[in-house]
Amino acid sequence: TVASLFSQLTSSTSMEFASSSSSFPKSKSRWTYDVFINFSGEDLRKNFISHLSYALSKAGINTVLDGQQMELEELMKPEKSQISIVVFSKSYTESTWCLDELAKIIEIHETYGQRVVVVFYEIDPSHVRDQKGDFGKGLKAAARKRFSEEHLESGLSRWSQALTKAANFSGLDLKNCRDEAELVKQIVNDVLNKLEYEVRSVTKFPVGLESRVQEVIRFIENQSTKVCIIGIWGMGGVGKTTTAKAIYSQIHRRFMDKSFIESIRSVCETDSKGHVHLQEQLLSDVLNTKVKIHSIGMGTTIIEKRLSGKRVLIVLDDVNEIGQLEDLCGNCEWFGQGSVIIITTRDVGLLNLFKVDYVYKMEEMDENESLELFCLHAFGEPNPREDFNELARNVVAYCGGLPLALKVLGSNLRGRSNEEWESVLSKLKQIPNNEVQEILKISFDGLRDHMEKDIFFDVCCFFIGKDIAYVTDILNGCGLHADIGIPVLIERSLIKIEKNNKLGMHPLLQQMGREIIRGSSIKEPFIEPGKQSRLWFHEDVLDVLIKNTGTIAIEGLALQLHLSIRDCFKAEAFQEMKRLRLLRLDHVQLTGDYGYLSKQLRWIYWKGFPLNYIPNNFYLEGVIAIDLKHSNLKLLWKKTQVLQWLKILNLSHSKYLTETPDFSGLPSLEKLILKDCPRLRKFPSICCIMIWVIYHQCLAAFQTFEAFWCNVTQSSS
């Protein structure tokens, strides 16, 4: 039966997959069809040929049959079909049409290199080769019917030579197979091996794509004895979907049963029955028939039963919830050996939870790839025009290797003048491209709670390039549970860990976060500086401090001035910033009552602190980290302070510092950094507290420090 035939066809062994998929040649398609089938006989058409045609179609092979759709002259043009399948049967010579087609097939093969697959269906190859018996008699009868007496000999000779040449090909013979199903499977596999695979048009300019695709395919080829689950992970706009499409295009012909489901996140967010509709799409794609289901539970049951044992290729694009994976392919035991499931996501945590076999991390493009892709969109060629060279490189640097940004900005700048390019670049520094930002913002919008969003905002405004443990301590002190939240942001591709455990973030993500805070995107009204939650933009901070417009909304503030600038600000400007947690000041002179500063401060980074000591009314009881590098301090404070939560104290390059504080009031201190403090001489007792001290170039105090450190180690042992 047809059902049993195709259940056999879909159970191809893993060894067949491994051997036939060891390479995936690519070329631009120059054919209308993949395969043309030449055969004779209505009975053959209704049975074997219909099964073969269906199997080829299921394998993604575009097939046209003898006598379909066009006249012989049109059908036999060399650009029409990449491969011809010739099916010889006992009734083959009854059709003069077939014999004319065969002669043309051999001519195209010899002239243009078209490939030919020969099949012997219930006929001995020698009878075709030598035109013996009834086959030979039928050939002569057909020639007498087709040709006039004048052309009979030449016409018969042409047919005879074509038959002999075709029969001499290494063909597939039904008598060497268990049944017709096995013969059909062999034909399909032979055609797949012979086809020159075309990379479907997944992107107009596939710069750098092939190497990424082949890396994943190599892994797939080595996993052919099991169900292979691949995760493609990366930030928005980095090319995950494009890569998945390219992989699918190169290997989909290896699978009779397959489905590519795009934009899963979007479907589930905009459709209340999204999960059900996705299940329907998967079943309809794989079973090649319309499937209607009424509930998620019903869908998972049908998927498990109907896809059981099938060797499938499934791509699940833009997954953002574990439930989506569970509803579509919740158990790898549902599928047959050699199946491949590819998942694209921004959240590597989902992939780990689903226990994928391999996570391919999508990295940004390097400088050369970025320039080429941008130029192809901006100029239609891989290199910048000479008069736009510097401008093009500036735009590429702004994009940070993100393919989406390179494509969008390149297309927007195409055909514009130098002046327009300069204007766009200037604008981008203040207001990012909305199309790019909307894609990037999806990951931020998917964060579960305000704490994760607060951590993201704090990092993008204040902690890029800071040690992850340092930042975790500070944000934990703010009650944000950063030891959980930071890993979530890393999994979601919103931040990353760079060299030496420093926090990093793609520049466009950083810009996106900052613009959300400022409310300067197209969809959100601009927020007055004094009402923003975090201030870092130089002009905004100056505006707030000079006009004294700060409010309780401000949680973080950073102002970096040059050492030569002597502007002074009043401490009173901080009076209303009662929720200020994070404070970074570089070479800022602050006069007046330091008691106006927030009592919620957890991080104080004040480079070039201007005073000789910290005033007693500067409230520090909740502070986790104090960093006063290059300060004017002579001593930290005049009166012993009890700072219960202080973990990190950095007084490096404080050239006037003569003594450290009394550590007895700092029970949580873990890290004391005294680098380049040449006048440091006095070390009070630290009462058995073990402290990690980085001490460098304190030459005047070296002997004193050595004795001090001996006391520390003795008291802690």
Side-chain angles (χ1 to χ4, degrees), residues 208 211-212 215 231-240 345-349 351-352 359-371 396-406 432 436 439-441 443-444 447 452-476 478 480-516 534 536 556 558 560 582 584 586 603 605 607 624-625 627 629 647-648 650 652 671 673 675 692 694:
S211 61
R212 293 165 171 82
E215 184 172 339
I232 300 177
W233 167 55
M235 66 181 288
V238 79
K240 301 181 297 297
T345 182
R346 303 178 186 212
D347 186 355
V348 76
L351 302 178
N352 295 332
V359 175
Y360 179 74
K361 186 176 187 308
M362 291 291 300
E363 301 287 357
E364 296 88 62
M365 290 180 141
D366 63 31
E367 186 178 352
N368 292 332
E369 290 173 335
S370 298
L371 185 62
V396 167
Y398 167 82
C399 292
L402 193 67
L404 171 68
L406 293 161
V436 175
I439 297 296
L440 297 179
K441 193 170 179 286
S443 296
F444 172 81
L447 295 176
E452 293 172 354
K453 292 182 178 181
D454 277 338
I455 293 170
F456 174 75
F457 287 142
D458 287 344
V459 171
C460 79
C461 291
F462 306 112
F463 295 121
I464 300 289
K466 300 294 185 184
D467 180 79
I468 184 173
Y470 174 79
V471 176
T472 300
D473 280 341
I474 293 166
L475 298 184
N476 277 344
C478 296
L480 295 178
H481 302 286
D483 45 352
I484 299 170
I486 287 178
V488 169
L489 297 180
I490 294 170
E491 289 176 352
R492 301 275 177 107
S493 308
L494 286 167
I495 62 177
K496 52 189 174 182
I497 303 300
E498 298 184 328
K499 189 176 180 181
N500 297 324
N501 284 323
K502 307 295 185 185
L503 288 178
M505 182 181 292
H506 192 280
L508 295 181
L509 282 172
Q510 182 183 25
Q511 188 180 30
M512 176 203 74
R514 292 181 167 190
E515 294 311 307
I516 292 172
R534 293 153 184 86
W536 72 94
Q560 296 170 259
L582 310 172
R584 172 171 182 165
D586 284 24
W603 178 59
Y605 181 104
K607 186 176 182 180
I624 306 297
D627 192 326
K629 293 194 290 269
K647 289 188 174 185
I648 303 160
N650 187 350
S652 297
K671 192 170 184 178
I673 307 175
K675 181 180 179 181
W692 175 20
I694 300 174

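- Residues that satisfy the side-chain hydrogen bond (donor to acceptor under 3.5 Å, both in side chains) test with E215, not counting sequence neighbours, are Y358.
- Between the CG atom of L406 and the OH atom of Y398 there is a distance of 11.0 Å, given to the nearest 0.5 Å.
- Counted by atom type alone, N650 and S652 present one or more donor-acceptor pairs between their side chains at under 3.5 Å.
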Please set out all donor-acceptor pairs under 3.5 angstrom arising from side-chain atoms of residues 497-508, sequence neighbours excluded.
| from | atom 1 | to | atom 2 | distance (Å) |
| --- | --- | --- | --- | --- |
| H506 | ND1 | L508 | N | 3.0 |
| H506 | NE2 | C399 | O | 3.4 |
| H506 | NE2 | G400 | O | 2.8 |

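- Counting heavy atoms from C-beta outward, L440 and L402 have side chains that approach closer than 4.5 Å.
- Between the CD1 atom in I673 and the CG atom in D627 there is a gap of 7.0 Å [rounded to 0.5 Å].
- For E364, the salt bridge (charged side-chain N to carboxylate O under 4.0 Å, His left out) partners are K496, not counting sequence neighbours.
- By the side-chain hydrogen bond (donor to acceptor under 3.5 Å, both in side chains) test, Q510 pairs with no residue at all, sequence neighbours left out.
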Give the table of side-chain donor-acceptor pairs shorter than 3.5 Å for residues 454-462, with sequence neighbours excluded, one pair per line with atom names and distance.
| from | atom 1 | to | atom 2 | distance (Å) |
| --- | --- | --- | --- | --- |
| D454 | OD1 | R534 | NH2 | 3.1 |
| D458 | OD1 | R534 | NE | 2.7 |
| D458 | OD1 | R534 | NH2 | 3.2 |
| D458 | OD1 | R581 | NH2 | 3.1 |
| D458 | OD2 | R581 | NH1 | 3.1 |
| D458 | OD2 | R581 | NH2 | 3.0 |

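- For the pair P403/M365, a side-chain contact is recorded, criterion being any heavy-atom separation below 4.5 Å from C-beta on.
- In this structure, the side chains of K466 and I464 stay at 4.5 Å or more apart for every pair of heavy atoms.
- In this structure, the side chain to side chain contact (heavy atoms under 4.5 Å, CB included) partners of N368, at least two apart in sequence or on a different chain, are D366.
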Please step through side-chain contact (heavy atoms from CB on, under 4.5 Å) for the pair D347 and V488, ending with a clear verdict.
-> CA-CA 8 Å; D347 186 355; V488 169; over 6 Å; no

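- Using a 4.5 Å heavy-atom cutoff, the side chains of K240 and R346 are in contact.
- Under the salt bridge (charged side-chain N to carboxylate O under 4.0 Å, His left out) criterion, K607 pairs with no residue, sequence neighbours left out.
- Residues satisfying the side chain to side chain contact (heavy atoms under 4.5 Å, CB included) criterion with N476, sequence neighbours excluded, are T472, A482, D483.
- Not counting sequence neighbours, the partners of E367 by the side chain to side chain contact (heavy atoms under 4.5 Å, CB included) test are R393.
- To the nearest 0.5 Å, atom CG of residue L404 and atom CD1 of residue I439 are 6.0 Å apart.
- The side-chain hydrogen bond (donor to acceptor under 3.5 Å, both in side chains) check on S493 picks up W233, with sequence neighbours excluded.
- Looking at heavy atoms from C-beta onward, W536 lies out of side-chain contact with R584 at the 4.5 angstrom threshold.
- With contacts defined as side-chain heavy-atom distances shorter than 4.5 Å, the pair F444/I516 qualifies.
- Remark: E369 pairs with R212 by the side-chain hydrogen bond (donor to acceptor under 3.5 Å, both in side chains) rule, at least two apart or across chains.
- Going from atom CD1 of I648 over to atom NZ of K671 covers 6.5 Å, rounded to the nearest 0.5 Å.
- For K647, the salt bridge (charged side-chain N to carboxylate O under 4.0 Å, His left out) criterion is met by D473, not counting sequence neighbours.
- Within the 4.5 Å cutoff, the side chain of I232 has no heavy atoms near those of the L351 side chain.
- For the pair L582 and C478, the minimum side-chain heavy-atom distance is below 4.5 Å.
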